[in-house]
A.B. asks: 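If you scroll down you'll find the structure; I have some questions about it.
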Amino acid sequence: MTLLNCLLSAWYGLPFVSKDNTLVSTINGTGAVIETIYVFIFLIYAPKKEKVKIFGIFSCVLAVFGTVALVSLFALHGNARKLFCGLAATVFSIIMYASPLSIMRLVIKTKSVEFMPFFLSLFVFLCGTSWFVYGLIGRDPFVAIPNGFGCALGTLQLILYFIYCGNKGEKSGDAEKDEKMVEMKDEEKKQNVVNGKQDLQV
């Protein structure tokens, strides 16, 4: 989702789509390159099943971006082009920022921040806040609205982090079952040893 967001935002920032948005285009273009590298690293080292899944999602991302780019380039002009590309970038920016919601739910459920790194939450907040301010100053709702959402979500993540950072968290049911199985096997081994010694004594 970050890759798709970067691609669409970089496209939106191009001069023939929206004027005076060079920073939006260059920064998100750089982000798109970095995210592409991440995806390829994952594809190199992931298990075969995961490779197929991620490659399929990667192909969908490119298809969505290609569709938006081609439609805006050949079918739309002027404000209609800006509106179409801006809406596409806004929708997928909000989806990108919303993607950690499942992790936030896990944090609340387990009372542990193990799966929500502090610096990731911090930079979600800083990124969302800085772009939100930039969008307000430039009076660009397609930049301000999704990043305002990101700013709020980043704030919630930091609040959750400081609430639960001192907790070890609750173990999942599967983890507890695994521990019980290990304990039972250890007890069984000890009992077998004891029985074996008693048999020898007899």
Side-chain angles (χ1 to χ4, degrees), residues 1-9 27-28 30-65 87-133 135 142-186:
M1 292 314 304
T2 304
L3 173 60
L4 182 55
N5 168 64
C6 286
L7 288 171
L8 292 172
S9 296
I27 291 172
N28 283 284
T30 303
V33 172
I34 294 171
E35 291 298 330
T36 302
I37 293 171
Y38 286 164
V39 171
F40 278 115
I41 289 173
F42 186 92
L43 289 173
I44 291 171
Y45 294 107
K48 188 175 180 180
K49 186 178 179 181
E50 287 296 314
K51 283 183 181 180
V52 174
K53 177 183 174 183
I54 297 302
F55 186 77
I57 296 173
F58 181 63
S59 300
C60 290
V61 164
L62 295 181
V64 171
F65 171 68
L87 284 173
T90 298
V91 168
F92 287 102
S93 290
I94 291 174
I95 293 173
M96 178 197 72
Y97 278 124
S99 58
L101 286 174
S102 59
I103 299 300
M104 292 172 67
R105 185 179 66 176
L106 184 63
V107 169
I108 294 170
K109 184 178 178 181
T110 62
K111 296 181 174 59
S112 171
V113 293
E114 181 183 358
F115 301 104
M116 192 176 72
F118 171 73
F119 285 107
L120 182 60
S121 300
L122 176 63
F123 282 101
V124 165
F125 169 74
L126 294 176
C127 179
T129 302
S130 58
W131 280 113
F132 175 59
V133 173
F142 298 123
V143 175
I145 292 173
N147 287 289
F149 182 82
C151 173
L153 192 63
T155 303
L156 289 175
Q157 287 185 33
L158 290 175
I159 291 171
L160 281 178
Y161 188 89
F162 286 112
I163 290 173
Y164 296 116
C165 63
N167 294 354
K168 292 182 178 179
E170 299 175 353
K171 292 177 182 176
S172 65
D174 291 339
E176 289 180 352
K177 286 179 182 177
D178 290 341
E179 280 194 5
K180 286 180 180 178
M181 288 294 293
V182 170
E183 288 175 2
M184 288 173 64
K185 287 180 180 179
D186 287 341

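Position 1 is the first residue of the sequence; numbering continues from there.
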A.B. asks: Kindly indicate whether the side chain of V107, heavy atoms from C-beta on, has any atom under 4.5 Å from the side chain of F115.
C.D. replies: no

A.B. asks: Let me see the working for M116 and L106 under side chain to side chain contact (heavy atoms under 4.5 Å, CB included), right down to the final yes or no.
C.D. replies: CA-CA 9 Å; M116 192 176 72; L106 184 63; over 6 Å; no

A.B. asks: Which residues pass the ring-ring contact (aromatic ring centres under 6.0 Å, His included) test with F92, not counting sequence neighbours?
C.D. replies: none

A.B. asks: ring-ring contact (aromatic ring centres under 6.0 Å, His included): which pairs involve residues 45-64, sequence neighbours left out?
C.D. replies: F40-F58

A.B. asks: Report yes if the side chains of F123 and L126 come closer than 4.5 Å at any heavy-atom pair, otherwise no.
C.D. replies: yes

A.B. asks: Ignoring hydrogens, what is the shortest heavy-atom contact between V61 and L4? Give both atom names and the distance.
C.D. replies: O-CD1, 3.6 Å

A.B. asks: Do I54 and I57 touch side chain to side chain, with heavy atoms closer than 4.5 Å?
C.D. replies: yes

A.B. asks: Only counting residues at least two apart or in another chain, list the ones meeting side-chain contact (heavy atoms from CB on, under 4.5 Å) with L120.
C.D. replies: P117

A.B. asks: Taking the side chain as every heavy atom from C-beta outward, state whether L156 and L160 have any atom pair closer than 4.5 Å.
C.D. replies: no

A.B. asks: If you compare all heavy atoms of F65 against all heavy atoms of L8, which two are closest, and at what distance to 0.1 Å?
C.D. replies: CD1-CD2, 3.9 Å

A.B. asks: Identify the heavy atoms of T2 and E35 that sit nearest to each other, and give their distance.
C.D. replies: CG2-OE2, 3.5 Å

A.B. asks: Any side-chain hydrogen bond (donor to acceptor under 3.5 Å, both in side chains) involving residues 88-98? Give me the pairs, sequence neighbours left out, ordered by first then second residue.
C.D. replies: N5-S93, Y97-N147

A.B. asks: Give a yes or no on whether K53 atom NZ has more than 12 heavy-atom contacts from other residues, nucleotides or ligands under 6.0 Å away.
C.D. replies: no

A.B. asks: Considering non-hydrogen atoms only, spot the tightest contact between C6 and A32 and give its length.
C.D. replies: CB-N, 3.6 Å

A.B. asks: List the atom of Q157, the atom of S121, and the distance in Å for their closest heavy-atom pair.
C.D. replies: OE1-OG, 3.0 Å

A.B. asks: For A98, which residues count as a side-chain contact (heavy atoms from CB on, under 4.5 Å) partner, sequence neighbours excluded?
C.D. replies: L101, F149

A.B. asks: Would you compute the distance between atom CE of M96 and atom CG of L3 and round it to the nearest 0.5 angstrom?
C.D. replies: 11.5 Å

A.B. asks: Nearest heavy-atom pair of N28 and S9: which atoms, and what distance?
C.D. replies: CG-CB, 3.4 Å

A.B. asks: Quick one: CG on L158 to CD1 on I163, what's the gap to the nearest 0.5 Å?
C.D. replies: 11.0 Å

A.B. asks: Mind checking what makes ring-ring contact (aromatic ring centres under 6.0 Å, His included) contact with Y161, not counting sequence neighbours?
C.D. replies: F118

